[in-house]
Amino acid sequence: QVQLVESGGGLVQAGGSVRLSCAASGGTFSRYAMAWFRQAPGKEREFVATISPSGLTTIYTDSVKGRFAISRDNAKNTVYLQMVSLKPGDTAVYYCAAGPIVTMTSNYKDWGQGTQVTVSS
């Protein structure tokens, strides 16, 4: 089992930027696909981005393409989500997840506790 701890959330103005980090421990990080999901108040959790174990493959949901970038540092056991041009609609709790395969579904084995991102207009 992999333990995941997100950080970097907070309050940001529309148009601003935030970088989220997710530190992993307890497993072989470089073997896992990693993903970011988010859940806004009153809404279902939704897929944001995923990255393959090597970092060579990334997939994004349409609403964040061109604004968000997922990356990973296998030497630091950390995955990142760089978010720019933020919109109020990006307000949500952001979760990172680890699993054996790259997928846009929520079929990931391990999840973090989440970090709040609030975008003010």
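Everything quoted here is computed from the prediction, not taken from an experiment.
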- Each residue besides Ile59 in its hydrophobic cluster should be listed here, by chain and number; the cluster joins Ile, Leu, Val, Met, Phe, Trp and Tyr at side-chain heavy-atom distances under 4.5 Å.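 Phe37, Phe47, Val93, Tyr95, Val102, Met104, Tyr108, Trp111, all in the cluster of Ile59.
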- Report the hydrophobic cluster partners of Leu56, with the cluster defined as I, L, V, M, F, W, Y residues connected by side-chain heavy atoms closer than 4.5 angstrom, directly or transitively.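 In the cluster with Leu56 there is nothing else; it is isolated.
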- Let me see the working for Gln13 and Leu86 under side chain to side chain contact (heavy atoms under 4.5 Å, CB included), right down to the final yes or no. CA-CA 8 Å; Gln13 288 190 331; Leu86 282 162; over 6 Å; no
- Atom CD of Gln116 and atom OG1 of Thr91: how far apart are they, to the nearest 0.5 Å?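 Reported value, rounded in 0.5 Å steps: 7.0 Å.
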- Item | Atom pair CG (Asp90) and OG (Ser63), whose distance is rounded to the nearest 0.5 Å |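 Here the rounded value is 7.0 Å.
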Without swapping roles, check the side chain of [X] against the backbone of [Y] for a donor-acceptor pair under 3.5 Å.
| X | Y | answer |
| --- | --- | --- |
| Arg72 | Gly55 | no |
| Ser85 | Gly15 | no |
| Thr115 | Gly9 | yes |
| Glu6 | Gln113 | yes |

I'd like to check [X] versus [Y] (side-chain heavy atoms, cut-off strictly below 4.5 Å). Are they in contact?
| X | Y | value |
| --- | --- | --- |
| Met83 | Val12 | no |
| Asp110 | Gln3 | no |
| Val117 | Arg38 | no |
| Ile70 | Val79 | yes |
| Lys109 | Gln1 | yes |

In one Ile/Leu/Val/Met/Phe/Trp/Tyr side-chain cluster, 4.5 Å: [X], [Y]:
| X | Y | result |
| --- | --- | --- |
| Tyr60 | Trp36 | yes |
| Val119 | Tyr94 | yes |
| Val48 | Val18 | yes |

Which atoms form the tightest heavy-atom contact between [X] and [Y], and what is the distance?
| X | Y | value |
| --- | --- | --- |
| Ile51 | Ser71 | CD1-CA, 3.7 Å |
| Ala49 | Leu81 | CB-CD1, 4.4 Å |
| Ala98 | Met34 | CB-SD, 3.5 Å |
| Ala14 | Ser121 | CB-CA, 4.3 Å |

Distance-only criterion, 3.5 Å: show the donor-acceptor pairs between side-chain atoms of residues 20-32 and protein atoms not counting sequence neighbours.
none

- Message: I'd like to know if Lys65 and Asp62 make a salt bridge, using a cut-off of under 4.0 Å between side-chain N and carboxylate O.
- Response: yes
